[in-house]
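Read through the structure below, which is laid out as structure tokens, and then see the notes.
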Amino acid sequence: MQDLPLPTHRKSQQQQGPSDAKKLAIWVAGLLGAGGTVSIIYVFGNNSVDGNDEKIPDEFDNDPVLVQQLRRTYKYFKDYQQMIIEPTSPCLLPDPLREPYYQPPYMLALELMGVLLHPEWSLATGWQFKKHPGIQTLFQQLAPLYEIVIFTSDTGMTAFPLIDSVDPHGFISYRLFQDATCYMDGHHIKDISCLNRDPARVAVVDCKKEAFRLQPNNGVVLLPWDGNSDDRTLLDLSAFLKTIALNGVEDVWTVLENYALENDPLEVFKQRQSRLEQEEQQRKADLAKTTKQSLFFSSLTSCLWPRSKQP
């Protein structure tokens, strides 16, 4: 019994079917892409308008219409990219206050997430933000000495209400968000040269060294807070920064560079402080011992060789 030949026309139809569908999908995608491109060029390639809906002349008005549209669209996206990469302004803060107003001698630029807040998420509550213990103590102790600024890589929409929650008494002077940072190699960098303050008097506190890599000696890197309610990092930070300010340090670099390579600079600071206190106590003990011995020998001498009475 001979095998019957398969119907070749059905096989070819089955092979051609998916191929035709794929071609159709490619054509549809191409048309949609072309339409989207044309729409973008039309929307962003027109002249800007003023309050009276009148077109504002620009440097592209003398070009052919299509060239105008293309060049304006290119300029728009180039400016948008530049806005993301660079701070919105080379001068992010107003000038320091002048007398009779009080201007703190130093500035403290604080990150929000990981330093002051810890985000937590659950199915029941969604996102919640836990406040780091010691926030109010930090603000109260440093506000007379430091102009406190929140300089965060988060967007203003996210960070603004959170800042309100951590600072109900208004210790924070200014708020800077993601658009005030530089975007470099996948990181939001805080360039303190844009803060309109003496860089020698600015300290930046963050959990990422990359955040202040343009001025590494201005930064204090903290271990990210994990939400532990017994954590004392902010209290230690307050003591550290108070020590700098109360000693009238002219250039914070001279202090902070000594901690730049430490994984936990605050712990190193506490160890050094403890050692200095022990040395000071030992010095006072030695001085007291020397004074006591001196008084003893002076008393013994006066007993053995009493001074002759005056006539």
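A quick note: this is a predicted structure, and the numbers were derived from the prediction, not measured.
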Item to complete: Please answer whether the main-chain N or O of V249 pairs with a side-chain N or O of N247 as donor and acceptor at a distance below 3.5 Å.
Response: no
Fill in: Check: Q103 side chain, L97 main-chain N or O, donor-acceptor pair, under 3.5 Å
yes
Fill in: Enclosure of R272 CZ (heavy-atom neighbours >12, cutoff 6.0 Å)
yes
Practice prompt. Quick one: list whatever passes side chain to side chain contact (heavy atoms under 4.5 Å, CB included) with D198, sequence neighbours left out.
Written response: A200, R201
Discussion item. Does Y102, at its OH atom, have more than 12 non-hydrogen atoms belonging to other residues, nucleotides or ligands within less than 6.0 Å?
Written reply: yes
Item to complete: State which residues pass salt bridge (charged side-chain N to carboxylate O under 4.0 Å, His left out) with R213; sequence neighbours excluded, sorted by chain then number.
Response: D185
Practice prompt. Hey, could you give me the CG/CG distance between L142 and L145, rounded to the nearest 0.5 Å?
Written response: 6.5 Å
Fill in: For F151 against F177, the heavy-atom pair lying closest together
CE2-O, 4.4 Å
Practice prompt. Determine which pairs satisfy salt bridge (Lys or Arg N to Asp or Glu O under 4.0 Å) with at least one residue from residues 144-166, sequence neighbours left out, and list them in order.
Written response: E147-R197, D164-R175
Could you pull out every donor-acceptor pair under 3.5 Å between side chains of residues 256-265 and any protein atom, sequence neighbours left out?
unit_1, atom_1, unit_2, atom_2, d
N258, ND2, T254, O, 3.0
D264, OD1, E267, N, 3.4

Item to complete: Would you please name every residue forming a side chain to side chain contact (heavy atoms under 4.5 Å, CB included) with Q136, sequence neighbours left out?
Response: F139, Q140, P168, H169, F171
Show me the side-chain donor-acceptor pairs of residues 236-246 shorter than 3.5 Å, one per line, residues at least two apart or across chains.
unit_1, atom_1, unit_2, atom_2, d
D236, OD2, K270, NZ, 3.2
S238, OG, Q141, OE1, 2.7
T243, OG1, A239, O, 2.7

Worksheet item: Looking at C207 and G114, what are the two nearest heavy atoms and their distance?
Response: SG-O, 3.4 Å
Item to complete: Provide the closest heavy-atom pair for P144 versus P105 in the form atom of the first, atom of the second, distance.
Response: O-CD, 4.2 Å
Worksheet, complete the sentence: Applying side chain to side chain contact (heavy atoms under 4.5 Å, CB included) to F212 and not counting sequence neighbours gives V204, D206, V221
Practice prompt. With the side chain counted from C-beta on, respond yes when I150 and Y174 share a heavy-atom pair under 4.5 Å apart, and no when they do not.
Written response: no
Discussion item. Less than 3.5 Å apart, any donor N or O on the side chain of Q178 or S153 sitting next to an acceptor on the other?
Written reply: no
Discussion item. Taking the ring of F129 and the ring of H118, is the distance between their centroids below 6.0 Å?
Written reply: no
Worksheet item: Sequence neighbours excluded, which residues qualify as salt bridge (charged side-chain N to carboxylate O under 4.0 Å, His left out) partners of R283?
Response: E280
Response to the item:
The complete set of salt bridge (Lys or Arg N to Asp or Glu O under 4.0 Å) pairs with one or both residues in residues 94-109, sequence neighbours excluded, reads none
Worksheet item: L117, I172: one ILVMFWY side-chain cluster at the under-4.5 Å cut-off?
Response: yes
Practice prompt. Name all residues meeting the side chain to side chain contact (heavy atoms under 4.5 Å, CB included) criterion together with S274; count only those two or more places apart in sequence or in a different chain, and write none if there are none.
Written response: Q278
Fill in: Results of salt bridge (charged side-chain N to carboxylate O under 4.0 Å, His left out) for D230 - residues two or more places apart only
none
Item to complete: Decide whether V202 and V205 are clustered together by the hydrophobic rule: side chain heavy atoms of Ile, Leu, Val, Met, Phe, Trp, Tyr closer than 4.5 Å, transitively.
Response: no
Worksheet item: Would S165 and K131 count as having a side-chain donor-acceptor pair, cut-off 3.5 Å?
Response: no
Worksheet item: Taking the side chain as C-beta and beyond, is there a heavy-atom pair between T158 and T152 under 4.5 Å?
Response: no
Response to the item:
Applied to residues 132-144, the salt bridge (Lys or Arg N to Asp or Glu O under 4.0 Å) test, sequence neighbours excluded, yields none
